Amino acid sequence: MRSCNKSRKYWLLKERRIQRDIRKRKKRAKKHKRLKSSVTPHDFRRSRFGEDNTVLRHCFPKNCEFLDNTDAFSAQLNKILFKVRFNRHLKLVVLDLTRVEKIDQAAIVTILTLINYLNCRMINIYGYAPMNDEAKRKIEETGFFHHVNSSKSVMKIGKDVICSRGNDKSNQNMFAQQIENIVEHLTGTKGPCGSLYNILGEIQLNSIDHSSQNSEHKNWFMSFHYEKDKCTIAMADIGTGIINSLDLLLKQEFYNKIMLRSHSQILIDLFKGKYQSSTKLPNRNNGLPDIYDAVVNNNKAELTVITNKAFLDISGNKFRNLSVNFPGTFYLIKVTKQHVS
Amino acid sequence: MMKAHSNIEKKVLEFSQHPGPRYINQGKDSGEEFYKSYLKPWFEDALKNNCTLTIVLDGTAGYLSSFIDEAFGRLVYDYGRMVVEKNLIVKSELETIWNHKLENKIYPAWEYRREQHIAPENTHA
């Protein structure tokens, strides 16, 4: 009888213990579910990068034209940068271009700038060539794959393309040499071109100033393309972009004014010198207005600028707003014989 | 305006063929470096000898506006616009645009900084 009571008590306690365990387990599962739904960098790494979070593979789509398809291309860049910034363990990025059928020079330069940006963050790059012959030829001509495998800062790829990249320091010696070559290519006689020197120097300094607030992450990429009757200079940096960095610096004073205006309007006003420099010094903020003056009033070059949500063709006086933020600044300068003579 | 008697002519080419950015920490051959190592000693010599200093801009690959601003602007900050305009001539046959910018933008802006005691930034490599 005693043993029977004992056993009943035993089973009663055991049942209570089981129920308590079930309740605890349910509570724990609920808590875990709640944690899982909130995206933390730790969860992001676990869920998105799987077991091997040191490698990121990115496939570019068929249409990779930057100037005609700016929003879609910017979205691709944002996708990569988002993953790079969240994943501290990333060591290798694989850029897969096998599907690419259409690509322009601007897109190639921007991808090379991205590579420079990743190199500044000590991330290795690996690339796959496009299957499409024309796209492959275009990319090979710019020395893309040579650049991916190289660690040199300045490289000569072919007869028509010269690329240079840098970090938080300007390099005027490199572009001074190229300017002399451009003048010789277009006019037949070698010589300097002061206005082009000023434009390239100022956009390089601008890229250094606006690419990042952290000096280790500052980067720029410049390439010179020689064609029959013209030369194209493309320069890009990846980081904050002109307007976003301006917004950060001048938030206090110009917040209301800026928020009511579109990015392209702000960019035009910046080039016209309507905004005060972040340093608030009267002698500063002359770089962009000087470029505007050289391009519009003195006809020294043709200039297109893409930064954040602004697309500005200064020489053609055309501008449009972009729906996707371009994370940096891209300049395209076209020079003909008329401009340098 | 009373002019000084003799003239000392110096070329920016003596400093560099490729003048660079504004500050020393931004890159090689900066305006700040040119001012500290060349322009200021030249100008002090000219003042000591009661001479006019002529700076020849031609011969280089070109200039960044920030280089010109920092180099010649600091001179205005240290000596005042009147003294600089009296004792300095900036000469350029190829790029006359800089003379116009110096007179209309750079000198007035730096004179304002001098009046307001807004000292220029000193950077290091």
Side-chain angles (χ1 to χ4, degrees), chain A residues 164 166-183 190-211 215 218 220 273 276-294 297-298 300-301 340-341, chain B residues 12-13 16-31 57-77 81 92-98 100-102 104-121 123 125:
Chain A
S164 180
N167 40 28
D168 64 336
K169 296 276 186 285
S170 67
N171 184 1
Q172 66 276 4
N173 293 13
M174 174 276 299
F175 64 74
Q177 183 64 46
Q178 290 312 314
I179 289 168
E180 284 195 1
N181 293 345
I182 288 170
V183 174
K190 217 171 187 172
C193 180
S195 54
L196 199 56
Y197 188 90
N198 186 19
I199 293 172
L200 295 186
E202 286 298 340
I203 63 169
Q204 201 179 69
L205 279 182
N206 226 47
S207 284
I208 292 167
D209 285 348
H210 296 287
S211 61
S215 65
K218 284 179 188 284
W220 54 264
Q276 199 189 17
S277 160
S278 58
T279 54
K280 293 178 185 172
L281 297 172
N283 62 311
R284 298 297 295 271
N285 198 26
N286 289 324
L288 292 181
D290 278 351
I291 294 171
Y292 185 85
D293 195 44
N297 301 330
N298 299 321
K300 296 291 183 190
V340 292
S341 57
Chain B
V12 183
L13 196 62
S16 171
Q17 202 186 347
H18 304 122
R22 181 183 293 275
Y23 295 120
I24 290 169
N25 66 359
Q26 288 177 317
K28 280 198 295 181
D29 303 336
S30 62
L57 297 180
D58 296 338
T60 63
Y63 294 92
L64 273 69
S65 45
S66 38
F67 175 93
I68 298 277
D69 181 80
E70 195 65 22
F72 294 97
R74 274 176 183 250
L75 210 59
V76 172
Y77 183 84
R81 189 179 174 178
S92 176
E93 286 173 13
L94 294 171
E95 294 185 73
T96 48
I97 194 167
W98 296 121
H100 176 79
K101 277 188 179 159
L102 281 168
N104 297 303
K105 278 187 176 179
I106 298 168
Y107 288 166
W110 280 86
E111 185 62 18
Y112 173 80
R113 280 186 72 160
R114 184 181 156 85
E115 283 164 9
Q116 300 296 316
H117 304 288
I118 308 167
E121 203 178 316
T123 65

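Quantities reported herein were computed from a predicted structural model and do not represent experimental measurements. Every chain is numbered from 1 and lettered A, B, ... according to where its sequence line falls, protein lines coming before strand lines.
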**Item:** B:E93, CD: over 12 other non-hydrogen atoms inside 6.0 angstrom
**Value:** no

**Prompt:** Less than 4.5 Å apart, any side-chain heavy atom of B:E70 and any of B:P120?
**Reply:** yes

**Request:** Check whether B:Y23 gets within reach of chain A through its side chain, its backbone, both or neither, counting any heavy atom under 4.5 Å.
**Result:** side chain

**Request:** Please state whether the side chain, the backbone, both or neither of B:K105 comes within less than 4.5 Å of a heavy atom of chain A.
**Result:** side chain

**Message:** For the interface with chain A, which of B:G73, B:P108, B:S66, B:P19 has the highest count of heavy-atom pairs at distances below 4.5 Å?
**Reply:** B:P19

**Message:** I want to check something: taking the side chain as every heavy atom from C-beta on, are B:D69 and B:W110 in contact at a cut-off of under 4.5 Å?
**Reply:** yes

**Fill in**
Bottom line for B:E95: the part with an atom under 4.5 Å from chain A's heavy atoms is side chain

**Request:** Let me see the working for B:D29 and A:Q172 under side chain to side chain contact (heavy atoms under 4.5 Å, CB included), right down to the final yes or no.
**Result:** CA-CA 9 Å; B:D29 303 336; A:Q172 66 276 4; 3.9 Å; yes

**Request:** Step through it carefully: locate the ring centre of A:F175, locate the ring centre of A:Y197, and say whether they are under 6.0 Å apart.
**Result:** yes

**Item:** B:Y63 versus chain A, the contacting section by heavy-atom distance below 4.5 Å
**Value:** backbone

**Per-residue contact mode, B:I106 against chain A (heavy atom under 4.5 angstrom)** = neither

**Minimum heavy-atom distance B:I24-B:T123, with the two atoms named** = N-OG1, 3.1 Å

**B:T60 portion near chain A, given a 4.5 angstrom heavy-atom threshold** = backbone

